[in-house]
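Quick notes on the structure that follows.
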Amino acid sequence: MIRTRFAPSPTGFLHIGGARTALFSWAFARHHRGVFVLRVEDTDVARSTPEAVQAILDGMNWLGLAHDEGPFYQMQRMDRYQAALKSMLASGAAYLCYTTPEELERVREEQRAGGLKPRYDGAWRPEPGKILPTPPAGVLPVVRFRNPSAGVVAWDDLVKGRIEIANAELDDLVIARADGTPTYNFCVVVDDWEMGITHVIRGDDHVNNTPRQINIFKALGAQVPLYAHLSMILGDDGQKLSKRHGAVSVMQYDDAGYLPEAVLNYLARLGWSHGDDEVFSMQQFCAWFDLEHITPSAAQFNTEKLNWLNAHYLKLADNDRLAALVRPRLEARRVTLTHTPSLAAIIDLYKVRVSNLNELADAAEVFYIDLHPKADILAQHLTPEALPALADFIDGMHDVAWEAPAINALIKTCIGKHGLKMPRLAMPLRVLLTGQVQTPSVDAVITLFPRELALKRLTAATKN
Ligand code: GLU
């Protein structure tokens with residue numbers, strides 16, 4: 001049974017890179033009909049906040065990445081870490097170290113002065129035949145992991161290939177602080193072990209922790225999971241993704257008007273491929289997803305492609321669903337939504353022309369507000385030769401059938417009568433009705449309005 005986990009630290013929002021890690025872990029579990037665990041790594045009490053926990057849950061929820069187990073909170077698992085510490089001290093896999101921070105600093109100074117890499121000198125590390133110093137009174141010890149001193153620690157990373165580190169490179173890690181609290185690398189191991197994680201899929205900023213974690217797994221007598229370290233995501237400009245690049249939090253993509261399915265589809269292709277396939281559902285993704293096709297090189301963000309995917313999914317989306325997503329955006333702009341024109345009908349006409357929900361809101365807004373087309377645009381399109389045709393059109397509108405073909409026929413009659421080309425009348429109609437020069441087919445736009453409102457807009461501007 002495959003078991004994966006997503007283990008964010010709640011110190012900020014859900015980062016787009018974190019979302020990709022979560023997506024891959026989730027998809028791998030789904031592909032194998034396994035279990036996806038959500039674990040909140042909140043032991044950094046100074047930086048963890050309830051708001052950040054909520055932001056992670058909101059982000060996961062928005063993306064629809066449902067966990068099968070959890071969320072587990074590390075702060076609620078302290079007894080588990082204490083039990084593991086106890087057993088490691090008992091087995092000799094860990095030991096008490098009374099070196100004070102000041103002493104440690106002195107040792108490091110000496111090492112640096114001697115041109116050595118600063119590291120714990122092993123003063124309290126038990127060795128066969130070694131006589132340990134007497135614990136000093138009044139000093140609370142830390143617990144250190146007794147890292148193997150010889151050999152290598154190696155793993156076949158499922159993305160990066162084989163990685164080997166000499167144990168001599170690793171000093172004895174502190175696994176519990178003087179106040180008894182367990183440290184980060186230790187909690188991760190205890191959790192991955194007890195939660196039965198088979199595949200650790202995480203960002204490659206953790207590669208350096210892995211050899212230490214593997215050694216602790218072995219000391220616990222636990223099965224070492226398989227590791228897949230995902231390369232980082234670069235911004236459009238090839239630099240490390242940061243706030244400079246705009247949206248980095250998942251919920252900012254919601255604010256910016258992206259649909260979750262577009263973001264998911266986009267993230268799925270960020271460092272993973274299935275031939276040339278670009279557009280696919282999450283169901284399809286889970287069926288295809290494997291670790292073999294994850295690229296070890298960094299993936300570069302491409303906002304244009306994300307926008308293209310978003311436009312694609314907007315076209316496919318149900319009008320009522322989009323209306324429910326656009327409505328709060330209009331309300332946030334204090335636009336009062338009257339019953340008519342129907343938001344879903346506006347969306348149906350405009351969704352093929354926009355690339356995000358905010359553009360859809362822009363398009364819809366003009367139908368509901370008290371519209372005052374800009375004077376220069378009016379002057380440009382409401383030409384003297386257009387006015388008589390417009391007047392005829394307004395006359396005809398009182399009893400024309402309220403449907404696009406009939407309105408289209410009316411427009412043609414009016415331009416025919418005055419010897420005008422289509423845009424001569426269509427442009428002033430667009431501008432008067434929506435304030436905009438670019439709209440979908442004008443007859444279709446007109447039918448979105450209730451007859452009275454269309455007449456009001458057309459006559460109001462022609463009067464002054
Ligand atoms: N809590 C870690 C982070 O947010 C992830 C740890 C892990 O995946 O092993 O970066």
Side-chain angles (χ1 to χ4, degrees), residues 4-9 12-31 36 56 59-60 62-65 156-163 199-210 226-254 256 258-282 284-313 355:
T4 64
R5 80 326 189 256
F6 177 50
S9 303
F13 41 70
L14 177 57
H15 187 273
I16 195 77
R20 194 226 6 204
T21 302
L23 173 64
F24 284 12
S25 301
W26 172 83
F28 192 68
R30 286 286 169 277
H31 179 87
F36 174 58
I56 290 164
M60 295 290 283
W62 184 72
L63 290 169
L65 300 179
D156 291 308
D157 196 277
L158 297 170
V159 174
K160 294 184 178 292
R162 187 160 185 85
I163 300 181
H199 293 71
V200 171
I201 301 170
R202 63 183 174 196
D204 69 0
D205 46 332
H206 288 284
V207 159
N208 290 337
N209 291 327
T210 306
L226 297 170
Y227 290 91
H229 287 97
L230 308 175
S231 296
M232 65 164 143
I233 301 175
L234 305 176
D236 284 282
D237 55 0
Q239 304 294 310
K240 188 171 187 281
L241 197 63
S242 73
K243 286 204 185 84
R244 258 182 323 109
H245 293 98
V248 282
S249 137
V250 167
M251 295 316 282
Q252 276 177 283
Y253 286 85
D254 180 20
Y258 292 96
L259 293 173
E261 62 266 42
V263 174
L264 285 169
N265 190 158
Y266 180 71
L267 289 178
R269 283 284 289 104
L270 214 46
W272 174 86
S273 58
H274 183 269
D276 292 332
D277 292 305
E278 292 290 357
V279 183
F280 42 80
S281 67
M282 279 303 103
Q284 181 64 77
F285 177 54
C286 291
W288 281 336
F289 186 69
D290 59 1
L291 301 175
E292 287 78 41
H293 290 87
I294 295 179
T295 139
S297 50
Q300 189 159 338
F301 208 87
N302 181 340
T303 306
E304 240 172 68
K305 188 169 150 190
L306 172 60
N307 291 344
W308 174 77
L309 277 169
N310 204 47
H312 169 81
Y313 284 105
S355 66

Output yes when a side-chain donor or acceptor of [X] lies under 3.5 Å from a complementary backbone atom of [Y], and no otherwise.
X: H15; Y: S249; result: no
X: Q252; Y: V248; result: yes
X: N265; Y: L309; result: no

Pair F289 and F24, ring centroids less than 6.0 Å apart: yes
In the structure I gave you, are the side-chain heavy atoms of [X] and [Y] within less than 4.5 Å of one another anywhere?
X: L23; Y: L65; result: yes
X: F301; Y: I16; result: yes
X: E261; Y: M282; result: no
X: L306; Y: Y253; result: yes
X: M251; Y: L14; result: no

Under the salt bridge (Lys or Arg N to Asp or Glu O under 4.0 Å) test, residues paired with [X] that sit two or more places apart:
X: D156; answer: R162
X: D254; answer: R329
X: K305; answer: E278

Worked check of side-chain contact (heavy atoms from CB on, under 4.5 Å) between M60 and W26: CA-CA 11 Å; M60 295 290 283; W26 172 83; over 6 Å; no
Looking at residues at least two apart in the chain, or sitting in another chain, which of them share a ring-ring contact (aromatic ring centres under 6.0 Å, His included) with [X]?
X: H274; result: W288
X: Y313; result: none
X: H199; result: F28

Can you name the closest pair of heavy atoms from [X] and [Y] and give their distance?
X: S281; Y: Q284; answer: OG-N, 3.0 Å
X: V159; Y: A228; answer: CG2-CB, 3.9 Å
X: L241; Y: G235; answer: CD1-CA, 3.6 Å
X: V263; Y: L63; answer: CG1-CD2, 4.1 Å
X: N310; Y: S355; answer: ND2-O, 2.8 Å
X: I233; Y: G17; answer: CD1-CA, 3.7 Å

A299: side-chain contact (heavy atoms from CB on, under 4.5 Å) partners, not counting sequence neighbours: R20, L270
Once side-chain hydrogen bond (donor to acceptor under 3.5 Å, both in side chains) is applied, do any residues pair with [X], and if so which ones, sequence neighbours excluded?
X: Y258; answer: N307
X: W272; answer: D290
X: N209; answer: N185, H206
X: T295; answer: S297

Pairs involving residues 228-239, ordered by first then second residue, that meet side-chain hydrogen bond (donor to acceptor under 3.5 Å, both in side chains) (sequence neighbours left out): D157-H229, R202-H229, T210-H229, D236-T303, D237-H245
From CZ (F285) to CG (L267), nearest 0.5 Å: 9.0 Å
